[in-house]
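Right, one structure below, let's go through it.
Worth saying up front: this structure is predicted, and the values here are computed from it rather than measured. Below, read A as the first sequence line, B as the second, and so on, with proteins coming before strands; counting in each chain starts at 1.
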There are 2 protein chains.
Amino acid sequence: MPKQKEYTLKGLSERELLELADLFKMFADSTRIKILYDLFDGEKNVTEICEDIEMNQSAVSHQLRALKTAKLIKSRRDGKSVMYSLDDDHVKTIIEMGKEHIEE
Amino acid sequence: MPKQKEYTLKGLSERELLELADLFKMFADSTRIKILYDLFDGEKNVTEICEDIEMNQSAVSHQLRALKTAKLIKSRRDGKSVMYSLDDDHVKTIIEMGKEHIEE
DNA sequence: TATTCATATGAAAAGTTGTTCATGTGTTTC
DNA sequence: GAAACACATGAACAACTTTTCATATGAATA
């Protein structure tokens, strides 16, 4: 039996297109952009991030989890703290491209 | 009277952060990614786009308007048709960066 | 000018998302 | 081991998005 013809758009499968959209969803919220941008400096714990971006701890934790699931950041425990840092080289490039667009 | 201290995260104002998020929202939906990706080939009219991405005309028109408002695409009328094309050099780069991330 | 083709648009429904609140878990310190 | 500190999590609500349906507008053609 022949395999069901799957929709693709010039080599991109429906599944890959959805993954792409999910990835960009991570950049589609200003709280998450603040977190990512804050981590440009390097590793920080949750309390530091909360102070830097002026958001409460619960909201930040929820967004950190989303960013981690999307593999944009990683974490390690350090005593009572959990340290977060960027986990993808493309994050900076993507945000920089965005900045260039809005600065035109 | 001193100006009210405005929140900024390392030089990015709250306003710019919201603009950035709004920009990335445009990439955060697979229908819009399909449209943008489809336009990598060059100018196309609405009917062509609908066929390529297999979506109905109304849904596509709504998304075309969003992309145009965000200045990612531009349009010109050609007889009965309206031709759409990319209006930002960064669009390809941003999508390519996204592809690289998910392909890891 | 009536009809047809191409596109745009408004309203409504269904789904998704972000924040808050309350509370739970893990780690250190006393 | 009790208290304090740091972080995570589930539920609930409000706000926002995307698609569909119906219909409107605009341009070409008979």
Side-chain angles (χ1 to χ4, degrees), chain A residues 7 9 14 17-39 43-85 87, chain B residues 7 9 14 17-39 43-85 87:
Chain A
Y7 168 84
L9 183 63
E14 186 68 47
L17 287 160
L18 288 171
E19 274 185 65
L20 258 186
D22 281 344
L23 167 64
F24 286 118
K25 280 194 182 101
M26 291 301 111
F27 297 90
D29 173 78
S30 68
T31 299
R32 286 190 297 268
I33 294 189
K34 285 176 192 173
I35 293 173
L36 292 171
Y37 203 66
D38 193 36
L39 292 176
E43 217 180 30
K44 295 194 180 181
N45 66 34
V46 180
T47 305
E48 283 179 279
I49 297 169
C50 291
E51 287 166 0
D52 289 346
I53 75 172
E54 297 179 13
M55 294 278 295
N56 77 71
Q57 182 266 319
S58 180
V60 169
S61 265
H62 280 296
Q63 300 302 353
L64 285 170
R65 181 171 47 163
L67 291 168
K68 194 179 171 185
T69 302
K71 300 195 175 167
L72 295 179
I73 62 177
K74 63 186 179 222
S75 66
R76 67 178 182 88
R77 190 168 263 284
D78 177 25
K80 283 185 286 191
S81 299
V82 175
M83 308 298 296
Y84 282 91
S85 56
D87 190 28
Chain B
Y7 169 84
L9 183 62
E14 186 69 46
L17 287 160
L18 288 170
E19 273 185 67
L20 258 186
D22 281 345
L23 168 63
F24 286 119
K25 280 196 183 97
M26 291 302 110
F27 298 90
D29 173 79
S30 68
T31 300
R32 285 190 298 266
I33 294 190
K34 285 176 192 173
I35 293 173
L36 292 171
Y37 202 67
D38 193 37
L39 293 176
E43 216 180 32
K44 296 191 179 181
N45 67 33
V46 181
T47 304
E48 283 179 279
I49 297 170
C50 292
E51 287 165 0
D52 289 346
I53 74 171
E54 298 179 12
M55 294 276 297
N56 77 70
Q57 182 268 318
S58 181
V60 169
S61 263
H62 280 296
Q63 300 301 354
L64 285 170
R65 183 173 42 165
L67 290 167
K68 195 178 171 186
T69 302
K71 300 197 175 166
L72 295 180
I73 62 175
K74 64 187 180 219
S75 66
R76 68 178 182 86
R77 190 168 263 284
D78 176 27
K80 283 185 285 190
S81 299
V82 176
M83 308 297 297
Y84 283 90
S85 55
D87 190 28

Nucleic acid contacts - [range] versus DNA chain C, non-hydrogen atoms under 4.0 Å:
range: residues 48-55 of chain A; value: A:M55
range: residues 26-34 of chain B; value: none
range: residues 71-80 of chain A; value: A:R77, A:G79, A:K80

| message | Do A:D22 and A:K25 have side chains that approach each other closer than 4.5 Å (heavy atoms only, starting at C-beta)? | response |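 Yes, at least one pair of side-chain atoms sits under 4.5 Å.
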
| query | Can you name the one residue among B:D38, B:I33, B:L39 that meets side-chain contact (heavy atoms from CB on, under 4.5 Å) with B:I35? | reply |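 By the side-chain contact (heavy atoms from CB on, under 4.5 Å) criterion, B:I35 pairs with just one of B:D38, B:I33, B:L39: B:L39.
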
| message | Using the rule side-chain contact (heavy atoms from CB on, under 4.5 Å), only one of A:I53, A:L64, A:L67 pairs with A:R32; which is it? | response |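 Of all the options given, the one that passes is A:L67.
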
Please confirm whether the shortest side-chain N or O distance from [X] to OP1 or OP2 of [N] is below 4.0 Å.
X: B:Y84; N: C:dA6; answer: no
X: A:Q63; N: C:dT19; answer: yes
X: B:N56; N: D:dT20; answer: yes

| Distance-only donor-acceptor test (3.5 Å): side chain B:H62, base C:dT7 | no

| query | Hey, which of these two, A:A59 or B:N45, hits DNA chain C nearer its 5' end, going by closest nucleotide? | reply |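 Result: B:N45.
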
Could you state the atom-to-atom distance from [atom1] of [X] to [atom2] of [N] in whole Å?
X: A:L67; N: C:dG18; atom1: CG; atom2: P; value: 10 Å
X: A:D22; N: C:dG15; atom1: CG; atom2: C1'; value: 14 Å
X: A:K44; N: D:dC7; atom1: NZ; atom2: P; value: 13 Å
X: A:K25; N: D:dT18; atom1: NZ; atom2: C1'; value: 11 Å

| message | The side chain of A:R65 is closest to which nucleotide in this list: C:dA8, C:dT7, D:dT9? | response |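 Looking only at side-chain atoms, A:R65 lies closest to D:dT9.
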
| Candidates C:dT17, C:dA22, D:dC7 - which lies nearest the side chain of A:S58 |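 Nucleotide nearest to A:S58's side chain: C:dA22.
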
| message | Once you measure the plane-to-plane angle for B:F24 and A:F24, does it fall in the parallel (<30°), tilted (30-60°) or perpendicular (>60°) bin? | response | parallel

| message | Any carboxylate oxygen within less than 4.0 angstrom of a Lys/Arg side-chain nitrogen, looking at A:E43 and A:R76? | response | yes

Measure the spacing between [atom1] of [X] and [atom2] of [Y] and express it to the nearest 0.5 Å.
X: B:S61; Y: B:Y84; atom1: OG; atom2: OH; answer: 6.0 Å
X: A:F27; Y: B:L20; atom1: CZ; atom2: CG; answer: 10.5 Å
X: A:R65; Y: A:S75; atom1: CZ; atom2: OG; answer: 12.5 Å

| said: Given 3.5 Å as the limit, does a donor-acceptor pair link the side chain of A:N56 with the main chain of A:A59, or not? | reply: yes

| query | So, the side chain of B:E48 versus the backbone of B:N45: is there a donor-acceptor pair under 3.5 Å, distance only? | reply |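 Side chain of B:E48 to backbone of B:N45: a pair is present.
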
| Yes or no on side-chain contact (heavy atoms from CB on, under 4.5 Å) for B:Q63 and B:V60, after CA distance, side-chain angles and deciding distance? | CA-CA 5 Å; B:Q63 300 301 354; B:V60 169; 5.9 Å; no

| note | Contacts of B:Q57 and A:L64 projected onto DNA chain D by closest heavy atom; the upstream (5') one is A:L64

| said: Under 4.0 Å, counting only non-hydrogen atoms across every strand here, what does A:S81 touch: a base, just sugar-phosphate, or nothing? | reply: sugar-phosphate

| message | Need one value for A:T47: base, sugar-phosphate or nothing, where a base atom within 4.0 Å counts as base even if backbone is also close, heavy atoms only. | response | sugar-phosphate

| Which heavy atom of A:K34 sits nearest a heavy atom of B:L9, and at what distance? |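 So the two residues come closest at O-CD2, 3.3 Å.
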
